[in-house]
Amino acid sequence: MKAIGVDVGGTFTDLVYCDLASGRVEIHKVSTTPDDPSRGVIQGVIELCAAAGVETGEIDYVFHGTTTATNAVLEHKGVVAGMITNEGFRDIIHIGRHQRVQHYSIRQELPWQDRPLVKRRHRKTVGGRLAPPTGAELEPLDEEAVRRAAEELKAEGVQSVAICFLFSYLNPAHENRAREIVAEIMPDAFVTTSSFVSPQFREFERFTTAALAAFIGPKVRTYIEHLETALKSAGLEGELRIMASNGGVATAGMVSDKPTLTLLSGLAAGVLGGAWIGELAERKRLITFDIGGTSADIGIIVDGVYAETDARSTSIAGFPLLSPMIDIHTIGAGGGSIAHLDRGGAFRVGPKSAGAVPGPAAYGRGGSEPTVTDANLVLGRLDAEDFLGGGMKLDAAGSARVIGELATTLGLGTE
């Protein structure tokens, strides 16, 4: 079997070719193309196949890890999303729970309030109620209200809709019917339901998980569709499998319908790779530390087994997430993370990233803000003449300039 592994990060796209029969391995790296990441993938695949001396049609599988969804949440660059829920429960995803990270602070950052996934004006309520313990109907769904809500969301320019009703994990009938109505009125929108994304109790977490799916859904679906089309155009008829957050793989169709499966996609692969390396080194208790262009991802392996999250402690960028996944802590601190002063004048790095375009000043593509990569170049940790095996030259003067400007602002020397 011949397979290609592809990991799309915020800055670079990494590729590995492996012939499992002969054991031959080839590696390659290209810049990510943020406007359409599939372009970078196809470029890398074609170049990698040429280097390996194989035809694209000989590839049996393409295994793909992506941080498209992860970065969209970390940098809060999703789409304009809407929500339809029960009357009286419009603000569940804003209020959250009484339990807070810092119990007594009135100034703590709460992501679901500071940067909501669905703005309040795009959250609509309708009549209808189900009841536990069987999900019996107490009040029929107000289908006319659902139609009005969908018309309003369409007029407001909403691109995706999460339908979240109480007790839908017991009986999804109301959510499914509302989804049908919204899809009729908004045929181009991404529409999902909380019972489809995560049929579990705890309204705040379930509604927020559905909101995350709506927030990133169109981006993930568009990317997967473009990637499938591009792979076939390049002559790759092998099966495409996407890395899931729980360490398994999913089909393209599954990911398009449930984009939250990929929120820790490439990150999960990093932990599995760390476990494999640990096994080769006869080490069973490990901390994996995976730094990309946008994020840094930390995992733990105990006795050769990676840790999994429980439903109450799973989150991404501070948002609770009811989805099975490897226990990974993700912070917005990668090679492209931008250094800046916050509103209080304190020095910060990330979570905003320079990405692949324009990228750090070191890449010579117009980047004008200081990043971690620029700092490493200025400190001599990167070789400007031998980056990517000599495949890319770095702009040392550009890095020195942006780091120098930051140093002047802080009243410090460059180093």
Side-chain angles (χ1 to χ4, degrees), residues 69 72-102 105-130 139 141-169 174-175 178-179 181-183 185-186 188-198 201-219 259-260 263 315-322 343 351:
V73 176
L74 288 177
E75 299 186 88
H76 206 72
K77 292 182 179 178
V79 303
V80 179
M83 175 181 284
I84 297 176
T85 189
N86 298 97
E87 289 179 342
F89 290 86
R90 182 185 189 186
D91 294 317
I92 277 185
I93 64 170
H94 177 87
I95 296 170
R97 295 192 174 276
H98 177 69
Q99 183 179 7
R100 305 298 171 98
V101 179
Q102 300 169 323
S105 171
I106 62 173
R107 301 188 62 129
Q108 65 182 295
E109 180 192 46
L110 298 173
W112 52 90
Q113 294 181 0
D114 295 342
R115 48 182 187 278
L117 299 165
V118 181
K119 294 181 178 179
R120 192 171 194 270
R121 61 179 172 272
H122 299 318
R123 301 199 295 266
K124 313 295 182 180
T125 62
V126 300
R129 183 65 65 88
L130 304 174
E139 178 186 346
L141 177 66
D142 187 341
E143 295 189 6
E144 284 305 313
V146 174
R147 288 189 175 88
R148 288 195 300 272
E151 293 286 2
E152 291 173 6
L153 292 173
K154 183 177 181 179
E156 292 166 5
V158 165
Q159 298 168 267
S160 66
V161 180
I163 299 169
C164 307
F165 293 150
L166 297 178
F167 307 112
S168 62
Y169 61 90
H174 281 189
E175 285 193 351
R179 181 178 185 172
I181 295 171
V182 174
I185 296 170
M186 304 174 66
D188 296 327
F190 177 91
V191 186
T192 192
T193 67
S194 70
S195 57
F196 178 72
V197 172
S198 181
F201 72 101
R202 296 193 176 100
E203 278 73 24
F204 171 54
E205 288 82 358
R206 176 161 53 87
F207 286 17
T208 300
T209 301
L212 278 165
F215 188 66
I216 63 174
K219 280 194 169 186
T260 51
L263 278 170
S315 66
I316 181 165
F319 293 99
L321 182 67
L322 280 179
R343 288 180 296 175

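All figures in this text were calculated on a predicted structure; none of them were measured in a lab.
Nearest heavy atom pair, residue Val79 against residue Ser160, reads CG2-OG, 3.5 Å. For the residue pair Ile93 and Phe207, the shortest heavy atom distance occurs at CG2-CB, 3.6 Å. Across all non-hydrogen atoms, the minimal contact from Ile92 to Phe204 is O-CD1, 3.5 Å. The minimum heavy-atom distance between Pro320 and Leu212, with the atom names listed, is O-CD1, 3.9 Å. Nearest approach of Ala178 to Leu141, heavy atoms of both residues: N-CD2, 4.0 Å. Looking at every heavy atom in both residues, Ala210 comes nearest to Ala162 through O-CB, 3.7 Å.
Salt bridge present: Glu109 and Arg115 bring a charged side-chain N and a carboxylate O closer than 4.0 Å. For Lys124 and Glu152, the salt-bridge test passes: some basic side-chain N is under 4.0 Å from an acidic carboxylate O. Salt bridge status for Glu151 with Arg148: absent, with no side-chain N to carboxylate O gap under 4.0 Å.
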Could you pull out all donor-acceptor pairs under 3.5 Å where a side-chain atom in residues 80-91 meets a protein atom, sequence neighbours excluded?
from, atom 1, to, atom 2, distance (Å)
Thr85, OG1, Cys164, O, 2.6
Asn86, OD1, Leu166, N, 2.7
Asn86, ND2, Gly128, O, 2.8
Arg90, NE, Arg120, O, 3.4
Arg90, NE, Arg123, O, 3.1
Arg90, NH2, Arg120, O, 2.9
Asp91, OD1, Arg120, NE, 2.8
Asp91, OD1, Arg123, NH2, 2.9
Asp91, OD2, Arg120, NE, 3.4
Asp91, OD2, Arg120, NH2, 3.0

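His94 meets the ring-ring contact (aromatic ring centres under 6.0 Å, His included) test with no other residue; sequence neighbours excluded.
A donor-acceptor pair is defined here as one N or O able to donate and one able to accept, closer than 3.5 Å; no such pair exists between the side chain of Glu175 and the backbone of Ser168. Side-chain atoms of Lys219 do not come within 3.5 Å of backbone N or O of Ala72 as any donor-acceptor pair. Remark: side-chain polar atoms of Arg147 are not paired, donor with acceptor, to backbone N or O of Ile181 under 3.5 angstrom. Side-chain atoms of Gln108 come within 3.5 Å of backbone atoms of Ser105 as a donor-acceptor pair (strictly under, hydrogens ignored).
For the pair Glu139 and His174, the minimum side-chain heavy-atom distance is 4.5 Å or more. Using a 4.5 Å cut-off on side-chain heavy atoms (C-beta onward), Pro351 and Leu74 make no contact. A heavy-atom distance below 4.5 Å is not found between the side chains of Arg129 and Phe165. Side-chain atoms of Ile163 and Val146, non-hydrogen and from C-beta on, never get closer than 4.5 Å to each other.
Atom CG of residue Leu322 and atom OG1 of residue Thr260 lie 10.0 Å apart, to the nearest 0.5 angstrom. Atoms CD and CG, from Gln159 and Asp188 in turn, are 10.5 Å apart once rounded to the nearest 0.5 Å. Once rounded to the nearest 0.5 Å, the distance linking OG1 of Thr208 with CD of Glu203 reads 11.0 Å.
Note on ring orientation: taking the six-membered ring where Trp is involved, the planes of His76 and Phe319 are parallel (angle under 30°, cut-offs 30° and 60°).
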| request: Given side-chain contact (heavy atoms from CB on, under 4.5 Å), test Val182 with Leu153 step by step and report yes or no. | output: CA-CA 10 Å; Val182 174; Leu153 292 173; over 6 Å; no
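Residues Thr209 and Ser198 have side chains that never bring a donor and an acceptor to within less than 3.5 angstrom of each other.
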